[in-house]
Amino acid sequence: MSLPAENNRLWTKKTIALVTRIEPAAELAWKSVLSEHLPDECILSFHEMTAIERQEAEIAIVANPDPAHVAALPNLVWIQSLWAGVERLVGELTGEGPPIVRLMDPELARTMAEAVLAWTYYLQRDMPAYRHQQIKRVWQPLPYRPPGQVTVGLLGLGLLGAAAADRLKGAGFKVKGWSRTPKQIEGVDTCSGESGLEGLLAASDILVCLVPLTPETQGLLNARRLSAMKCGSALINFARGPVVVTADLLAALDAGRLSHVVLDVFEREPLPMDSPLWEHPNLTILPHISAPTDHATAASIVAANIQAYRRSGCLPLTVDRGRGY
Ligand code: NDP
Ligand code: OXD
């Protein structure tokens, strides 16, 4: 007599819960690539797990999970996020939950560094101004600023900020960087604390935001700090929308304090149709594409984390829930 499929799963492989609130097709794509990289594990969507499988799961792989589904897995030892940024997860999984491991993918850092360089060039080469001139049929060369005369200030010097710093340095830009704790990075003028931030804001021609969203960074770029920015400077936000106060940003643009702003992230995504941001002539709106997650590299990193845990019982580096990142 053959056993039902769910019994078979229990006898042969350990179950890992895949808990998401993403489109079913996107979840299926993740399930397939993760299963390929983890042939000795049984990866099941939360919805297809039996009550026993939910009881027994030690690991959940998550992407915007419903907190109630995570809570319905009572014996989780740890949670692996498929996203690099875990601010939403940390915010939603309140209390004493299992440790969270975020995605730390060098390929994602490379993609983000590429995006920072691409949009830095966009601003350094005055492309927004030439676009405005074209609309008015104006033929007017603008002064060229070589990278060595352009200071790029990075807010955040973590995995992504440090990769961006490297790429910008390589392209000849002057790079400054701000982090919570003091850092030393060759060729980067680093600082921390409020006075460090003030100096960086005043000196940067282009400011790039790559800090996680935490209680400390929510509303970081408010009216006061935006008015401390160099007059005519530009801003790129590739981190999270609420790090910048939208109304203050629009005021700074309208006052000419900021020449141009590139936004990839917003308080609400997709950006609502009636947002005034869409129409501002000095704003570039991107649909959260600066560093898309590569399924293959992410799955291989997740698989390596899980295999190491199965071998040694040791958890990968976990997120500091108190700190928020
Ligand atoms: P890390 O945790 O590696 O680095 C975060 C950096 O921010 C660190 O240098 C940290 O300082 C600094 N930081 C944190 N809080 C503060 C603070 N209060 N004051 C000053 N500096 C602070 O994160 P990543 O580099 O991997 O990612 C950064 C963010 O990028 C993610 O949290 C996410 O929001 C966003 N992201 C956006 C993507 C997109 O497609 N737009 C894709 C992926 C991520 P310290 O070094 O001292 O700890
Ligand atoms: C991420 C993101 O956190 O895409 O991976 O923002």
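Just follow the structure's listing: the first ligand is 1, and inside any ligand the first atom is 1.
- Of all atoms in ligand 1, listed by their number and element, those nearer than 4.0 Å to a heavy atom of His288 are 39 (C), 40 (O), 41 (N).
- Polar contact check, Leu159 against ligand 1: a nitrogen or oxygen pair lies under 3.5 Å apart.
- A salt bridge links Arg110 with Glu114: the distance from a Lys NZ or Arg NE/NH1/NH2 to an Asp or Glu carboxylate oxygen falls below 4.0 Å.
- For atom 38 (C) of ligand 1, the closest non-hydrogen atom on the protein side is Met112 CE, 3.6 Å.
- Ranked by closest heavy atom to atom 3 (O) of ligand 1, the top entry among Arg102, Lys183, Arg323, Met104 is Arg102.
- The nearest heavy-atom contact from the protein to atom 28 (C) of ligand 1 is Leu210 O, 3.4 Å.
- With ligand atoms numbered from 1 in the order given, ligand 1 contributes 39 (C), 40 (O), 41 (N) to contacts under 4.0 Å with heavy atoms of Asp264.
- Using a cut-off of 4.0 Å between Lys/Arg side-chain N and Asp/Glu carboxylate O, Glu216 and Arg180 are scored as not salt-bridged.
- Relative ring orientation between Trp30 and Trp83 is described as perpendicular, the plane-to-plane angle rising above 60° on a 0-90° scale split at 30° and 60°.
- Contacts of Thr217 with ligand 1, taken as heavy-atom pairs under 4.0 Å, involve the side chain alone.
- Here Arg224 pairs with Glu194 in a salt bridge; the nearest charged N to carboxylate O distance falls below 4.0 Å.
- Of all protein heavy atoms, the one lying nearest to atom 19 (N) of ligand 1 is Trp178 CH2, 3.2 Å.
- When each of Leu207, Asn237, Leu249, Asp248 is checked for a side chain to side chain contact (heavy atoms under 4.5 Å, CB included) with Leu221, only Leu207 meets the rule.
- Applying the side chain to side chain donor-acceptor pair (under 3.5 Å) definition to pairs two or more places apart or across chains, those involving residues 273-283 are His132-Asn282, Asp254-His280.
- Arg167 has its side chain out of reach of Val116: every pair of non-hydrogen atoms, C-beta onward, lies at least 4.5 Å apart.
- Close to ligand 1: Val211, with a non-hydrogen atom less than 4.0 angstrom away.
- Smallest separation of non-hydrogen atoms from Phe46 and Ala72: CZ-CB, 3.8 Å.
- The two atoms that bring Pro143 and Asp126 nearest to each other are O-OD2, 3.8 Å, heavy atoms only.
- Ile306 places a side-chain heavy atom less than 4.5 Å from the side chain of Ile61.
- At the shortest separation from atom 25 (O) of ligand 1 among protein heavy atoms lies Leu160 N, 2.9 Å.
- Both tests hold for Arg323 against Tyr325: distance to the six-membered ring centre under 6.0 Å, angle to the ring axis within 45°.
- The one candidate from Leu283, Leu253, Leu250 that meets the side chain to side chain contact (heavy atoms under 4.5 Å, CB included) condition with Leu258 is Leu253.
- The single protein non-hydrogen atom nearest to atom 15 (N) of ligand 1 is Tyr325 CE2, 3.7 Å, given as residue, atom name and distance.
- Summary of contacts: the protein heavy atom closest to atom 16 (C) of ligand 1 is Arg180 CB, 3.7 Å.
- Ligand 2 is surrounded by Trp83, Ala84, Gly85, Arg240, His288, Thr293, each with at least one heavy atom closer than 4.0 Å.
- The heavy atom nearest to atom 7 (O) of ligand 1, considering only Cys191, Pro182, Gly158, Pro212, is found in Pro212.
- Short contacts between ligand 1 and Val265, defined as distances under 4.0 Å to a heavy atom of the residue, involve ligand atoms 41 (N).
- Nearest residue to atom 18 (N) of ligand 1 from Glu87, Glu216, Arg240 is Glu216 (criterion: closest heavy atom).
- Taking all atoms of both residues into account, the shortest heavy-atom contact from Gln140 to Gln133 is O-NE2, 3.0 Å.
- When non-hydrogen atoms are compared, ligand 1 lies under 4.0 Å from the backbone of Thr181 as well as from its side chain.
- Within ligand 1, counting atoms from 1 as listed, the ones closer than 4.0 Å to a heavy atom of Ala239 are 34 (O), 35 (C), 37 (C).
- Annotation: Phe238 places an N or O atom under 3.5 Å from an N or O atom of ligand 1; distance criterion only.
- Close approach of ligand 1 to Ser290 (heavy-atom distance below 4.0 Å) involves ligand atoms 39 (C), 40 (O), 41 (N).
- In terms of heavy-atom proximity, Leu154 sits nearest to Ala164 at CD2-CB, 4.2 Å.
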Worked verdict on Asp189 versus Lys176 for salt bridge (Lys or Arg N to Asp or Glu O under 4.0 Å): CA-CA 5 Å; Asp189 183 9; Lys176 288 182 177 288; 2.5 Å; yes
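- Taking any N or O of Ala84, backbone or side chain, none lies under 3.5 Å from an N or O belonging to ligand 1.
- Between Leu157 and ligand 1, at least one pair of N/O atoms sits closer than 3.5 Å.
- Taking both residues in full, the closest heavy atoms of Met49 and Arg54 are given as O-NE, 3.6 Å, listed atom of the first, atom of the second, then distance.
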